[in-house]
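The basis for the numbers below is simple: all heavy atoms, side chains too, and nothing from hydrogens, waters or symmetry mates.
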Amino acid sequence: MKKLVIAIVTAFVLWFVMFSPHTAPHLNFWLAMSLSAMLLVGLSVWFGKRQVLHSLWFSWRDLGLGMVSAAALWGVFWLGNYFSNLLFDFAQGQVGSVYAMKDGNNQIVISVALLLLIGPAEEIFWHGYVQNTISQKLPSLLVVLCTALIYSLVHLPSLNFMLIMAALVCGLFWSLLFYFNKNLLTVIVSHAVWDVSVFVLFPIS
């Protein structure tokens, strides 16, 4: 449990530096995110190598499920964006500020980073290590709620309500997917493909 706490606190610190209005303007977000992703993978392997490896195997079915689930999640966000704009006058501006992080950066480089590094690294950490570890302490679906809540809370320093809610939705979606499917490959593919789709290929705003 001590190792898990260290890992989660590290994630909180990294996300604070990347998203806080006090520090974010002084960083290249994509470089910081890539470095953070590598650090989290390192912690996952150091603290929970066996858990991660036992949760990852290749399956065409699970690969396909990851891609289909990414498309489904994109649809959820399209609907969420539509209704959020109807309900909240601040929604468009906050979503736009997330997309503004792409400004001045090469779209191909961002896509490669999301697909091959950031998306996979986050899943290895949050579900391969964190969710697997929590599952040893908490019963059934409470693990899903706990993992998703922590994933959402690390985004609090952004002070961006839409981003925090988006993280909660993603956290619940991928935590449930991993809980029922068990294969880390599925959530890695789902996260990576969704990242590239929603940020670069088919932005919703």
Side-chain angles (χ1 to χ4, degrees), residues 11-12 14-34 36-37 65-115 118-119 121-123 126-127 141 144-179 186-205:
F12 266 92
L14 293 173
W15 260 246
F16 178 87
V17 172
M18 288 188 290
F19 287 101
S20 170
H22 302 292
T23 54
H26 307 292
L27 301 173
N28 179 304
F29 173 80
W30 299 102
L31 177 59
M33 190 65 183
S34 297
S36 297
L65 178 59
M67 299 184 71
V68 170
S69 65
L73 185 58
W74 185 93
V76 169
F77 268 74
W78 187 89
L79 288 173
N81 183 66
Y82 175 79
F83 286 109
S84 293
N85 285 329
L86 294 179
L87 296 171
F88 308 118
D89 56 2
F90 58 81
Q92 187 172 6
Q94 290 195 353
V95 173
S97 69
V98 175
Y99 279 108
M101 293 188 293
K102 298 189 301 179
D103 294 348
N105 293 278
N106 187 293
Q107 302 295 291
I108 296 177
V109 173
I110 292 175
S111 297
V112 172
L114 288 170
L115 189 65
I118 297 171
E122 284 201 72
E123 289 308 313
W126 289 110
H127 299 112
L141 290 177
V144 171
L145 296 175
C146 186
T147 306
L149 183 60
I150 296 171
Y151 181 67
S152 177
L153 289 176
V154 298
H155 292 81
L156 279 177
S158 69
L159 304 179
N160 186 320
F161 175 80
M162 296 301 294
L163 177 61
I164 296 166
M165 289 300 101
L168 181 60
V169 172
C170 285
L172 286 170
F173 185 88
W174 288 318
S175 294
L176 279 169
L177 186 60
F178 183 61
Y179 176 82
T186 304
V187 286
I188 286 175
V189 171
S190 181
H191 192 146
V193 172
W194 179 82
D195 272 354
V196 174
S197 299
V198 79
F199 278 110
V200 181
L201 299 179
F202 311 108
I204 60 173
S205 178

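- Under the side chain to side chain donor-acceptor pair (under 3.5 Å) criterion, no residue pair touches residues 87-96, with sequence neighbours excluded.
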I'd like a table of donor-acceptor pairs (distance under 3.5 Å, sequence neighbours excluded) in which one partner is a side-chain atom from residues 18-28, with atom names and distances.
from	atom 1	to	atom 2	distance (Å)
Ser20	OG	His22	N	3.2
Thr23	OG1	Phe16	O	3.3
Thr23	OG1	Val17	O	2.6
Asn28	OD1	Trp30	N	3.1
Asn28	OD1	Leu31	N	3.0

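- Remark: Val68 pairs with no residue by the side-chain contact (heavy atoms from CB on, under 4.5 Å) rule, at least two apart or across chains.
- Checked against side chain to side chain donor-acceptor pair (under 3.5 Å), Trp174 has the following partners two or more places apart in sequence or in another chain: Ser190.
- Within the structure, every pair that satisfies the side chain to side chain donor-acceptor pair (under 3.5 Å) test and touches residues 149-160, not counting sequence neighbours, is listed here: Trp15-His155, Ser97-Asn160, Glu122-Tyr151.
- When the side-chain contact (heavy atoms from CB on, under 4.5 Å) test is applied to Leu201, the partners found at least two apart in sequence or on another chain are Val196.
- Around OH of Tyr82, the count of heavy atoms belonging to other residues, nucleotides or ligands within 6.0 Å does not exceed 12.
- Residue pairs satisfying the side chain to side chain donor-acceptor pair (under 3.5 Å) criterion with at least one member in residues 192-203, sequence neighbours excluded, are listed as follows: His191-Asp195.
- Counting heavy atoms from C-beta outward, Met162 and Val98 have side chains that stay 4.5 Å or more apart.
- For Met67, the CE atom counts as loosely surrounded, since its 6.0 Å shell holds 12 or fewer non-hydrogen atoms of other residues, nucleotides or ligands.
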Solution key, residues 74-81 side-chain donor-acceptor pairs under 3.5 Å, sequence neighbours excluded:
from	atom 1	to	atom 2	distance (Å)
Trp74	NE1	Phe202	O	2.8
Asn81	ND2	Ile204	O	3.0

Subject >> Intermediate values then yes/no, side-chain contact (heavy atoms from CB on, under 4.5 Å), Leu177 and Leu65 >> reply: CA-CA 10 Å; Leu177 186 60; Leu65 178 59; 4.3 Å; yes
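- In the displayed structure, Ile108 atom CD1 is contacted under 6.0 Å by at most 12 heavy atoms of other residues, nucleotides or ligands.
- For Leu153, the side-chain contact (heavy atoms from CB on, under 4.5 Å) test picks out Phe12, Leu149, Leu156, with sequence neighbours left out.
- Residues forming a side-chain contact (heavy atoms from CB on, under 4.5 Å) with Val109 (at least two apart in sequence, or on another chain): Asn106.
- Summarising the geometry, atom CG belonging to Leu168 is positioned 13.5 Å from atom CZ belonging to Phe173; distances are rounded to the nearest 0.5 Å.
- In this structure, the side chain of Ser69 engages the main chain of Gly66 through a donor-acceptor pair within 3.5 Å.
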